[in-house]
Protein chains: 2
Amino acid sequence: MSTAHGARARARIEVTAAIKDEARRQLAAQGAARLSLRAVARELGMVSSALYRYFPSRDDLLTALIIDAYDSLGERAEAAHESAATDPFRRWIAVCEAVRGWALDHPHEYALIYGSPVPGYTAPDTTVPSAARVGLLLLGIARDAHHGSGLAGPALPSELRPEAERMAADLAPDLPPEVVSALVAAWAQLYGLVGFELFGQFHRVVEDRARFFRHAVGQLARGVGLVPGSAEDAAPGGGVLPGE
Amino acid sequence: MSTAHGARARARIEVTAAIKDEARRQLAAQGAARLSLRAVARELGMVSSALYRYFPSRDDLLTALIIDAYDSLGERAEAAHESAATDPFRRWIAVCEAVRGWALDHPHEYALIYGSPVPGYTAPDTTVPSAARVGLLLLGIARDAHHGSGLAGPALPSELRPEAERMAADLAPDLPPEVVSALVAAWAQLYGLVGFELFGQFHRVVEDRARFFRHAVGQLARGVGLVPGSAEDAAPGGGVLPGE
DNA sequence: ACACAAACGAGAGCACCGCTCTTGCTATGC
DNA sequence: GCATAGCAAGAGCGGTGCTCTCGTTTGTGT
């Protein structure tokens, strides 16, 4: 069913990809607000109206780029997660640094997905699965650590307990509510650190940003109960969890 | 020297203010990218070219709005700081909640200053003093607490020590480097929390956002060594610091 | 008091934008 | 073999930021 319909369908796929590629080029070069359908069409040797056969509007093209950006970030984070040591703390650091690295490599795409949303535009639900990948990764690290050596977040004030329990039930019923709550906060705070660096807020404030970031996300990890050199890592070479 | 030059100068000030007011209205209604010089001029009953007598370009108008936004946020944070209890921990919470409140009240202006910068546009140094106000406020709280009951941040890894000492020398030589480092991180993380809420990343994740935020910034405070109910607050009615 | 220069508002115009509609052409499916 | 659906192209609409020119108004120095 995929390539069944011959030349026409294949051409459509190719043209669609070419449009997205050129759009991504312009996005990377000048940012989202300067992405112009007409310029994309011009560069591709077509007339602007022809482009509307493939994307019904500029916003739809942007949405496609947003999903691609989330996936690109997600893949990089997942790759970092897999090639890191099994120690949850180190994996946490690796994932966070992958996020930062991707953001520095693709500033305009990062701005597109984590900066101010394009005005008057709200991302459709299509983006949700791609957008969730990094969050799920962090959640998975916490889960591994919890099932390994146990995890204890900071004490939960009684006024937040219902909300924390609700979040835990939604996101990770096998984790303590205080860990889930701390995790969500750390998730947001991670993007605060990345955003401030990327958008120039650290200008003349933080210079050695890589080291600063590494330390800050390490503290973030501690906030959810992760500590360096936990049980799993003490057993060298082992991929299998001792406990459980 | 200010109003000395009579009617013309006064008219200029009034027109400039009217332009900014109308621009702010459009900004609040539709966001920065949809702010149109022509629409502002139209609403003011002038022709678009006349507007260039007051702002040399759209970016310059945006810059003026950015500075105003920073100042508006700064004023609100400072007001919250002053009307809060003297206990540094409570002051910290109050300032953070003021930032969140302002952001929720002025989402597009928040996006303008802390979201992705307008593409191809970098804020001039004119904005720096206004932009620094909230940061300085948080710094002041930490300083008060430190001079009161002392403050101890988390241990600093040796690789970050030079950078932390440099930051401390620049920002607050009277504070321990680990506190300054934690403070800068908390500052960025605060905006991560606000941004995620404002830009919809907490959609279907965090529901009771006010309580969640309050707890999260409380944890942020602990990260720089602030704890609830510290020394100054234990002595009732006292504005004078006991130690030092 | 008068002249000169600076500031100003209005208008026309340039190049660009997103998007729509119509017009022919061509490949696909019955 | 032919109707149909997908396609590229062009013209055009209303909008944008910005520039330039043109009279007019206003403030100032002599």
Side-chain angles (χ1 to χ4, degrees), chain A residues 1-20 22-23 25-27 29-66 112 117-122, chain B residues 1-20 22-23 25-27 29-66 112 117-122:
Chain A
M1 193 195 270
S2 55
T3 22
H5 287 299
R8 195 128 216 184
R10 190 164 56 245
R12 183 173 182 84
I13 293 176
E14 280 175 12
V15 174
T16 306
I19 293 172
K20 284 211 294 187
E22 177 57 31
R25 266 201 51 243
Q26 294 195 13
L27 175 62
Q30 299 164 327
R34 294 204 179 169
L35 189 158
S36 144
L37 282 188
R38 290 182 113 110
V40 169
R42 207 179 303 132
E43 210 69 23
L44 261 49
M46 22 169 46
V47 85
S48 72
S49 60
L51 232 148
Y52 286 81
R53 300 268 174 201
Y54 301 90
F55 294 93
S57 81
R58 183 179 177 275
D59 277 0
D60 291 84
L61 176 54
L62 269 182
T63 300
L65 294 182
I66 285 175
L112 183 63
V118 177
Y121 165 84
T122 51
Chain B
M1 194 195 266
S2 54
T3 20
H5 287 298
R8 193 128 214 183
R10 191 165 55 244
R12 182 172 182 84
I13 292 175
E14 280 174 14
V15 175
T16 306
I19 292 173
K20 284 209 294 185
E22 177 58 32
R25 267 201 49 244
Q26 294 195 12
L27 174 62
Q30 299 164 324
R34 293 205 177 167
L35 190 158
S36 144
L37 282 188
R38 291 182 110 110
V40 170
R42 209 179 301 132
E43 210 69 23
L44 261 50
M46 21 169 48
V47 86
S48 71
S49 59
L51 229 144
Y52 285 81
R53 301 271 176 202
Y54 301 89
F55 294 93
S57 81
R58 185 180 176 275
D59 276 1
D60 291 85
L61 177 54
L62 269 182
T63 300
L65 294 183
I66 286 175
L112 183 63
V118 178
Y121 165 84
T122 50

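Protein chains get the first letters and strands the later ones, always in sequence-line order, with residue 1 at the start of each.
Across the protein-nucleic acid pair, B/Phe55 atom CZ and D/dG17 atom C1' stand 16 Å apart, rounded to whole Å. Atom CD1 in A/Ile19 sits roughly 12 Å away from atom C1' in D/dC7 (whole-Å rounding).
Taking every side-chain heavy atom of B/Arg58 into account, D/dC18 is the closest of C/dC17, D/dC18, C/dC19. The nucleotide whose nearest atom lies closest to any side-chain atom of B/Ser49 is, among C/dG18, C/dA10, C/dC21, C/dA10.
Using modelled atom types, one finds no donor on one side chain facing an acceptor on the other under 3.5 Å when comparing B/Thr63 with B/Asp60.
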- Message: Does the protein touch nucleotides 3-8 of chain C at the base, only the backbone, or not at all? Give it as B, S and - per nucleotide, heavy atoms under 4.0 Å.
- Response: ----BB
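The stretch residues 37-45 of chain B touches DNA chain C through B/Arg38, each having a heavy atom within less than 4.0 Å of the strand.
Side chain of A/Arg58 to backbone of A/Leu35: a donor-acceptor contact under 3.5 angstrom is found.
Nucleotides of DNA chain D nearest to B/Ser36 and B/Pro56 differ in position, and the one nearer the 5' end is that of B/Ser36.
The distance from atom OH of B/Tyr54 to atom CG of B/Leu61, rounded to the nearest 0.5 Å, is 13.5 Å.
At D/dG17, none of the side-chain N or O atoms of B/Ser48 fall inside 4.0 Å of OP1 or OP2 (strictly under the cut-off).
Among the atoms of the strands shown, none is found under 4.0 Å from any heavy atom of B/Leu51.
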